[in-house]
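To start, the structure under review is shown below, and the notes come after it.
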Amino acid sequence: MLNIENARPLLAQYLSAHLGSDGIVEVEPFERITIGHSRGMHRINVHYTKDGEEIRKSFALRAEQGGMFGGDTLIEVRLQRAVRNAGIPAARIRWVELDANVLGEPFFIMDWVEGSSGPPDMATMERYILELHEMHQLDWRKAELPLRTTPSTPLHAMHQQIDHWLSVHHWGRPRPSPLIEEAATWLKINAPKNLRMCLVHGDPGPANFIHKDGSVQAFTDWEFSHIGDPNEDWLFLSAMRGRALKEPSEWRHLIQQITDTEITDSDWFYWDIYNHFKGSCANTSALRVFTSGANMAPNMAAIGTGLHMSMLQRISQMIGETYNQPKTK
Amino acid sequence: MSELKRPTLDEVLVGSIDTIQNMLLPNLHDTWARTAAGQLIGMLRYGRALASGDESVDSEVAELRTVITNLYAAHPHLESSVGELPSSNSENEAFIILDLSSNLLNYALKETDKATEMILSDLRPLLVSHLEASLAETSPMLMSFGGDPGDAEH
């Protein structure tokens with residue numbers, strides 16, 4: 001875990017070298033940004049002189065947490081830079097440091113984006129939905145996005161993601177979890193026939209974008225992004241991240257109104273299971289992060305046990321319902 | 001009756017919870033620190049539950065072994081297609097039996113025979129009940145995940 005008191009003077013030296021300041025950059029105490037658990041996010045306020053001129057700046061520092069959620073800083077940075085170049089709102093990344101010896105974890109530093117990541121009003125949320133829909137229309141092949149994996153077909157993309165999340169789960173688990181293995185097989189057998197391929201954010205919704213005066217300033221948290229079906233994003237927004245603001249059925253109606261995307265009941269059911277599978281597998285990694293000592297904070301223990309299992313319970317209930325229906329094989 | 005030579009683990013945990021809740025939290029003003037303190041109280045309550053219970057998976061594995069043994073007896077083809085049970089003194093017994101359970105659930109997703117019916121009636125509900133029991137133990141952590149520790153003992 002990043003020790004913010006130890007990291008502060010080290011970051012001052014790092015920034016002094018990168019900013020070309022006259023002397024050592026003054027770094028104020030880190031301000032933890034209280035969203036998300038995948039990465040340590042901090043606001044960094046600095047002041048320094050350069051060629052005699054006094055300068056004040058703010059940055060966002062995003063640090064890894066011992067393999068949490070199977071993320072990889074380099075993949076995330078490359079993709080975030082590429083989507084920004086493709087015109088999608090994302091913060092500008094200034095510097096990337098992959099050597100954990102510098103601060104204790106790999107990290108990258110972005111320009112500070114003014115605005116709020118707190119709950120948006122509905123007009124802002126509608127604007128966000130429209131921009132997420134526009135992101136789904138991006139010609140991702142032409143944009144030459146640097147992806148973790150590039151699928152050949154929509155079904156291939158689906159299987160890649162199921163296998164990816166299962167591997168993240170395997171990394172974190174202390175022993176086999178039969179109900180997770182069952183879910184992975186169920187998802188492969190029951191993949192929708194109408195799958196599409198587009199750039200998927202993977203973790204969209206309130207708290208994962210910055211807004212100001214009704215406009216979307218930046219999409220944040222790109223580490224789950226990949227090529228997949230847009231319904232993954234719509235269900236994640238509706239049934240998971242957006243749940244505190246609206247009921248899933250209300251989101252479904254709003255998404256249809258704004259984007260003309262109609263999600264069938266069977267697709268809704270499938271993507272709801274998939275996103276809980278993704279969440280449950282990702283959460284398993286927190287248990288290893290906790291037990292290995294990489295980050296022994298209580299949120300890691302809760303995510304790796306209770307949150308992982310509550311999602312798995314939901315999956316097992318939903319899959320259990322399908323056993324009562326006639327098989328279509 | 002023997003005298004205790006030190007405070008009990010539970011007393012240490014209760015003292016820690018009380019200190020965080022009544023001495024530290026009122027003086028913490030940073031949002032992230034307050035959230036972490038509330039979560040820490042939840043984790044210590046989880047620790048109390050763990051300290052008073054069974055920390056191994058031995059009893060769950062024994063229950064799974066019994067169900068799988070019965071499945072193999074009723075449907076002998078399962079053993080050859082899914083795998084043999086390990087000896088009960090095997091070092092990897094828990095791992096292998098959980099792996100076999102995974103294979104049996106995957107079998108049930110692909111086949112529609114009598115063996116599948118038995119897997120779904122006997123094995124799957126047992127696995128779900130184990131999950132639910134483990135999940136219930138973690139409820140103090142889930143209740144405080146948003147940073148609100150609630151009152152001292154609930």
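Chain letters run A, B, ... following the sequence lines, proteins first and then strands; every chain starts at 1. Only a predicted model underlies this, so the values are computations on that prediction, with no experimental measurement involved.
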**Study point:** Engaged part of B/L142 at the chain A interface, taking heavy atoms whose separation is under 4.5 Å
**Key:** side chain
Exercise for review: Evaluate whether atom CD of A/E321 has more than 12 neighbouring non-hydrogen atoms of other residues, nucleotides or ligands under 6.0 angstrom away.
Suggested key: yes
Check your understanding: By a 4.5 Å heavy-atom criterion (distance strictly below it), what part of B/T138 contacts chain A: side chain, backbone, both, or neither?
Key -> side chain
Check your understanding: Can you say whether the rings of A/Y274 and A/F277 are parallel (under 30°), tilted (30 to 60°) or perpendicular (over 60°)?
Key -> tilted
Exercise for review: Select one option (side chain, backbone, both, neither) describing which atoms of B/F95 are under 4.5 Å from chain A's heavy atoms.
Suggested key: both
Exercise for review: In plain terms, say whether A/D221 and A/R39 are close enough for a salt bridge, that is, a side-chain N and a carboxylate O under 4.0 Å apart.
Suggested key: no
Study note, to complete from the structure: Heaviest contributor of heavy-atom pairs below 4.5 Å to chain B, chosen from A/P174, A/G320, A/S310, A/G306, is A/G306
Check your understanding: Please walk me through it: do A/W165 and A/F224 pass ring pair (Phe, Tyr, Trp, His ring centres under 6.0 Å)?
Key -> CA-CA 10 Å; A/W165 287 115; A/F224 287 2; 5.0 Å; yes
Review point. Considering only heavy atoms, which portion of B/L135 lies under 4.5 Å from any heavy atom of chain A: side chain, backbone, both, or neither?
Key: both
**Study point:** Between A/A297, A/P176, A/S177, A/S316, the one whose heavy-atom pairs under 4.5 Å with chain B are most numerous
**Key:** A/P176
Exercise for review: Verify whether one side chain among A/H170 and A/E181 offers a donor that lies under 3.5 Å from an acceptor in the other.
Suggested key: yes
Practice item. Let me know if A/I180 has heavy atoms under 4.5 Å from chain B in its side chain, its backbone, both or neither. Key: neither
Check your understanding: Any idea which of B/L98, B/L44, B/V128 has the most non-hydrogen atom pairs under 4.5 angstrom with chain A?
Key -> B/L98
Review point. Between A/R175 and B/E60, is there a side-chain N and carboxylate O pair less than 4.0 Å apart?
Key: no
Exercise for review: Working to the nearest 0.5 Å, report the span between CG of B/D148 and OG1 of B/T35.
Suggested key: 10.0 Å
Point to revise | Proximity breakdown for A/L179 and chain B, heavy-atom pairs closer than 4.5 Å | key: both
